[in-house]
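Note sheet for the following structure.
Here the structure is a predicted model, which is why all the values come from computation and not from measurement.
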Amino acid sequence: MFKRPQKIITLFLILLFGTFTFLLLNTPVYSTDIDQLEDEIEQTEEELAKKKSTLSSIEAKIKEISGSNYSLSQKINL
């Protein structure tokens with residue numbers, strides 16, 4: 001009768017250790033400096049600004065084409 005709780009405790013400890021090991025091996029580790037991370041953020045923001053400007057120019061061109069009196073074939077070519 002005393003063996004059953006001991007087996008449950010052993011199983012719980014094995015499960016706890018396995019979970020800890022799994023999380024330890026699969027959690028990303030960031031070893032870069034704060035300055036390097038800030039540079040990456042700044043670079044990403046610059047790329048995003050470029051893409052936004054490209055998108056706004058495309059949207060302006062679409063509005064221009066859709067609001068014009070061009071024929072369908074001319075709109076397709078534009």
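Of the residues listed (Ile14, Leu13, Ile8), the one engaging Thr10 in a side chain to side chain contact (heavy atoms under 4.5 Å, CB included) is Ile14, and it is the only one.
In this view, Ile58 and Thr54, Ile62 satisfy the side chain to side chain contact (heavy atoms under 4.5 Å, CB included) rule, not counting sequence neighbours. Applying the side chain to side chain contact (heavy atoms under 4.5 Å, CB included) test to Thr21 and every residue at least two apart in sequence or in another chain returns Phe17, Leu25. Here Leu55 pairs with Glu59 under the side chain to side chain contact (heavy atoms under 4.5 Å, CB included) rule; sequence neighbours left out. In this view, Glu38 and Ile34, Asp35 satisfy the side chain to side chain contact (heavy atoms under 4.5 Å, CB included) rule, not counting sequence neighbours.
When hydrophobic residues (I, L, V, M, F, W, Y) are linked wherever their side-chain heavy atoms come within less than 4.5 Å, the members clustered with Phe22 are Leu23.
Atom-to-atom distance recorded for Thr44:OG1 and Leu48:CG is 8.5 Å, nearest 0.5 angstrom.
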